[in-house]
Structures are given as structure tokens and as C-alpha cells.
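All ligand and atom numbering here is 1-based and tracks the order in the structure.
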Amino acid sequence: MPDYIYLLENRLSPAQRNALQLVRDIARDASMTVFLAGGAVRDLTSGSSVRDLDFTVQGNALKLLKKLEKSGVVLLGEHEPSRSMSLWFPGSVRVEVSTARREEYPKPGKPIYHWATIHEDLRRRDFTANAMALSLNESSYGLLLDPLNGVADIEARLLRLASNYGFLEDPSRLVRAWRLHHRLGWELEERTLVRYQNAKEEGVISAIPHYLLGVEIEAIAHEEDALGALKALEAEGWMKHLDPAWISAKADSTGLAALHRTLTQLQIQGVYPDPSAAQMELLTAKMQPKELAGLKKLFPNPGFVAQWESLESDAKEFARVLSGKDAASPSATWKLLTSYQAEPVLWLAFSSKSAPVQTKFNNFFNVWPDAKQRVPLALLLEMRITPELPGYDDLLQEIFFHLIDGQLQTEEEMRAFLEPYSPPAPPAPVNVRKTRGRRAERVRIEEELEEETDLHEDAELAAESEDDMDEERPEADDAPPPPKPALKSVLPGEKTTADGGKKASSSTSKKGSLQPAGIVEAATSKQSQAAPKPAGKGKAAKAVPAPKEEAKPKQATPAQSQKVAKSTPAKAIQKQVKPVPKKVVAAKPAPAKKQAGKAVPKKIASKATPKSAPSKAAAKSKPEPKAHGKKVAAKKKH
Ligand code: CTP
């Protein structure tokens, strides 16, 4: 289920959002509940671009007109019987506001309207995908009403009749079905298709009422691919019922293709005209004046016909403004082109033969936009002017205008221009010192680690003296590194008394919860850094970062292996970390200075010799016989 509040905020254009808010506000003031319905909800749900907005109010929609007109809305046409109206909102937004109703059809194409609730209204609609509404009311804003499970059909890309009698009652739905099938690429659901074919064969279309016929004719003009829609309806045989004089052969197809190219160029620069009137002009370019007059009479919205008819004069007026002082500089021209009513801009850009006008459009489309690449983003960053700052976008626009006007050509000029916008430098970063409590905790953990290492060493030394007595062992330098699991067998808690074991396990659990990743990491690093030192002079140095296969228990005694099996993996990891390398560093025969400096990166080195513990570490690092030192170091590696 989509998040409709999110979709309303993000999928509508700013002008559509303003229109929605205005209708909401005015309906609320008139104590009417209001819903976004029909095609707009379908398009929001399916991810298509929302072309126009259909609102349904519970109450007489026509009563909202006066207030809407006061806010700059233009009435294109109204249908008194159904209490619905077509409107033109600022920013070229087409809107339909209708009254929630139930429809009764005593005869095909002759509805009787009953004012009703939104739920009844949704059930009287054409297809399930169009029978959904979104509440725009305060307490339920964004709530989806979908009584016929339109969402499922949208997902399946199906047009399914909302009522079995849909085509018979309102034959204009036959044309709608085919137009939507062509535009959306959705199939007619199986039974809907059968009903469509039956109704078509039976000639139900002849019962189409005049008003709805006009609605379908005008709908072609609003199609994005209007010529394609006209051709599709023609091929299906519907155009001869709508207007036999209007055929695709009478359209200026080359002109339509050029119009769409111009439309795209304008959209790229942020100008969004409604191309419907311009399309209509080209779709009917080769019609006889008489045919054209007849066609225009069919349109239900006189306001739309007026827009169509005033295309030339509006464009002419715009050409006059564009040649005047309001467009004296490139930036002024840019501002004019992006703020003027978009439809005359489109028609002039498409149709003008005047060289100065063409030059201005060419600059607008192809030359001036290059300046956007010259906006000095690196300098802005250097001067701490970043996108988070309020007014950042406006500043970019201002820089762009200066650039296209030929100002701010050098870096000095740009710096001087940006200086007032540059926020003060932030204070120097404060070195946050660890709190006493945290440091004390760290010291405590390290002491525990040391204690455990001592026990570990003692146990190892004891084991070694036993071993020494039993047999000759290779020197640590020559020996391959012992397998990791072997180390665990001599760790405290594994071999010591129940008391010792208890202590070890409690310290393990403490470490599990308190030891910050940094400490584990530092200990691991210390281990790997410290280990090579004693071995550095011998062959074993190469074997120090024990590869996995070296951990094979081939050198572990059966007893050791058994102990390894007992220890949990988590424990095993911690125990591998346990040996504190600083002790190893202290105990080992001092390597060459340079080498030690290289082996211990600063950060790690500081962790290896915490200020709080040097004396303790020194005290604990008993001088050991050389051979022992080597062996201990070799074992500690793991
Ligand atoms: N409607 C209907 N029967 C018709 C015409 C319209 O049930 N003969 C309903 C549909 O619910 C439709 C809504 O009125 O969605 C609005 O109609 P309209 O704006 O003509 O069509 P949209 O579905 O919005 O399609 P478009 O994208 O072409 O605007």
C-alpha cells in the first residue's frame, strides 16, 4: 500500500499541490468534505504522471466556484445537471470538481443524478482503477477509499468495469476504455472485454449523450500522444461516432512532432505548459473552417475552446513583451520566459519565424544553460556556502544570472560577490578527552586483561618447564607458530580451579558488554604488532600472522583439543585477544628502534602503553630467560 501522504507531497507538481491546498481550504470553509478521486488517484497509485486533478465533494461543488475564482481560478465549463465544473488553476493545472452522486439509468445514456456520499459515488464510476478516492479532510488526510479493490487491478494493469452494465448505461465508457487501453497499455479484463465487444457489436455507442461525446472529444486534446490516441480511436471505429469530419489525415503530424520537441526543451528549462490547445490546433490543421466550427461546438468546456482560439493572439502579445525592455538582458529574458504564462511561450517558441525571437529561444534552450556548469561549486564549498544553508538555491540562481549576463568573470569577482554569503568559520575542533569515569573503566579492563595474562603466562611457563623436562623442543624461532586453539587450553578459566574459572567467566561477560570495539581492535592490533618483534630476527617472523590452515590442531594434544571444543567461539575470540601485547613488548628483547617505531602505528602505540599503567606493566614484566621470552612471545601471538 503506497504512502499517499508522501505521494501527494512528492508526486504532484508545486502548482498541483497549490491547487490541491486551495480546493481543500475552500471546501473546508464551506463545510464540505473533499476527496481526490478518479484518474489522479489511479495515476498516483500506478506511478504515472498526474495529468489533471479530479476532486469530489460531498455537497454542491458549484457553490465553491466564486471563492475559487477570487483566488485566480478560471472556469472552463460547468455541467449543471451533475453539479460539476472544469477549472484552470494558476500554473496550468486542469481541475475537475464534481459533486458526490449516485447515477440511475432508466435509459442508456440518460442518467438521473442523486446526491450521495463518496462511497456511493465511487461505485457509480467506470472502471475499478478509477473508483478510488483519497481523503483530503483534516482527520483522515491521505486515507484511501477503494471499495472495488482498484489497487489490485492497477497492479495487474487491468481495466475492469465497476458495474456489469457500465458500457450499456454510459456508452462513452467504450471510448474511454479504448483510449485508456492505448495510453496506459493496460488490457481489458476478460469479462470486461467480452462486454466491450458485445456493446460495440450492438451499436450501443449511438446512445452516447451529447455532453459525454464532447467530453471524449476534448479528452483526445489532453492526451500526451494526442495524434496516437486519435489514430487508435479511429482504427477502432469510434471517431466516426464522435465526429466523422475529424480524422487523423487532417492533422499536421510534422507540426505535432516539432511541437513535442519544443515542449520537451521548455520542460528541461523548467517551463511546463499544457500543450492541449496547441495540439488541438495541429490536430485539426487541415480541417475545413465549417468542419472546425462544427467540432468546436461539441466541446463541453467553452473555456478550453477559448484557449485554443487565442493561441495566436496570446503568442503575439508575448512576442511583443519579449522584444521589449522586460527582456533587455539575458537574465531578464530568462526570468520572463520562466514566469510568463507557459502556453503562449510554447506556441511562440514553436511557431515564430522572427529571427530575434528565434535567437532568444535558441539561447534559452542551448546557450545560457551552459553557464550552470560554470557555477563555482568548489569555491562555494571553500567559502562554506553549502546546500543546507537557507537561500542556497536562490544564490545559485543569482550566480547563474550574473554569469549569463557576462558578470563575475574572474575568480576575484566571484569571491567578492560571495563574501557576504559566506558564513563564519566554525570554531577549531575541540579535542574531546575521555572522561575520568571512562578512563578508569578502561584501566580496570586493562588490569583484568593483565591479570589474566599473568595467569596465562604462569600456566604456560609451568607447562613449558614440564615439557622441557620431558623432551627437547625446537626453538621458537624455528618452530612453526602453534595452532590457535592450543593457546586456549592454557588460558585461565579453562584449566584453573573452579574459583578461577568463575572469575574468568565473569570477566569475560563484563568484557562482552563493556569493552568498546576500539579496545578489542587495539588489542588485536597490539597482538599482531607485538608478535613479530621477538621473531623478527628469525625465520618464524614470516609465519607470525598465522594463516588459517596453521590453526589445524595437528600440534595440539588430544587434551588441548578437548578443551578447545569446550570453549565457546565468543570466548575463543576474546581469549585470543586477551594476551596484552604491551607486556610482550616490555618482556621481549628490545628490537632496533627504527623497526619498533615502524611496527607500532601511533594510535595503536598509545593504546599499548596507556599513561595510567606504565609502572604496573613495568613491574609485571619480570626479566625472563631469553628462551622463555621467545617461547612466550611465540605462543602469545595466538
Ligand atoms: N468517469 C466515469 N465515467 C465517465 C467519465 C468519467 O466514471 N464516463 C469518472 C472516472 O472515475 C474518472 C473520473 O470520472 O476517473 C474523472 O474523469 P476524467 O477526468 O474524464 O478521466 P480520468 O480518469 O481522470 O482520466 P484522464 O487521465 O484521461 O484525465
Relative to the heavy atoms of [X], which atoms of ligand 1 are at a distance of less than 4.0 Å?
{"X": "S172", "value": "8 (N)"}
{"X": "D170", "value": "3 (N), 4 (C), 8 (N)"}
{"X": "G38", "value": "15 (O)"}
{"X": "R179", "value": "28 (O)"}
{"X": "R51", "value": "26 (P), 27 (O), 28 (O), 29 (O)"}
{"X": "N130", "value": "10 (C), 11 (O), 15 (O), 23 (O)"}

request  = Please confirm whether V215 comes within less than 3.5 Å of ligand 1 when only nitrogen or oxygen atoms on both sides are compared.
outcome  =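 In this structure, V215 places no N or O atom under 3.5 Å from an N or O of ligand 1.
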inquiry  = Does ligand 1 come near enough to E223 that some N or O of the ligand is less than 3.5 Å from an N or O of the residue?
reply    =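 E223 vs ligand 1: no N/O contact under 3.5 Å.
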request  = Could you point out which residue of E223, E234, E218, E236 forms a salt bridge (Lys or Arg N to Asp or Glu O under 4.0 Å) with R179?
outcome  =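 Per the salt bridge (Lys or Arg N to Asp or Glu O under 4.0 Å) rule, the option paired with R179 is E223, out of E223, E234, E218, E236.
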key: Single hit among R42, R160, R176 for salt bridge (Lys or Arg N to Asp or Glu O under 4.0 Å) with D126   =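 Running salt bridge (Lys or Arg N to Asp or Glu O under 4.0 Å) over R42, R160, R176 with D126 returns exactly one hit, R176.
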No-hydrogen, no-angle side-chain donor-acceptor test under 3.5 Å, [X] and [Y]:
{"X": "T117", "Y": "E120", "value": "yes"}
{"X": "E216", "Y": "S172", "value": "no"}
{"X": "W246", "Y": "E291", "value": "no"}
{"X": "R173", "Y": "S163", "value": "no"}
{"X": "H260", "Y": "E224", "value": "no"}

request  = Between E218, R124, R176, flag the one that comes closest to atom 18 (P) of ligand 1 by a heavy atom.
outcome  =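 Ranked by closest heavy atom to atom 18 (P) of ligand 1, first place is R176.
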inquiry  = I'd like the name of whichever of E224, R42, M132 reaches closest to atom 25 (O) of ligand 1 through any heavy atom.
reply    =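 Answer by nearest heavy atom: R42.
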Once you restrict to heavy atoms under 4.0 Å, what part of [X] touches ligand 1? Side chain, backbone, both or neither.
{"X": "H222", "result": "neither"}
{"X": "E96", "result": "neither"}
{"X": "L180", "result": "neither"}
{"X": "D54", "result": "side chain"}

I need the nearest protein heavy-atom contact for [atom]: residue, atom name and distance, please.
{"atom": "atom 10 (C) of ligand 1", "value": "D126 OD1, 3.4 Å"}
{"atom": "atom 26 (P) of ligand 1", "value": "R183 NH2, 3.4 Å"}
{"atom": "atom 3 (N) of ligand 1", "value": "R173 NE, 3.2 Å"}
{"atom": "atom 14 (O) of ligand 1", "value": "R125 NH1, 3.6 Å"}

task = Say whether, by atom type as modelled, one donor and one acceptor occur between the side chain of R11 and the main chain of L44 under 3.5 angstrom.
result =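 Flag set: sc R11 to bb L44 pair under 3.5 Å.
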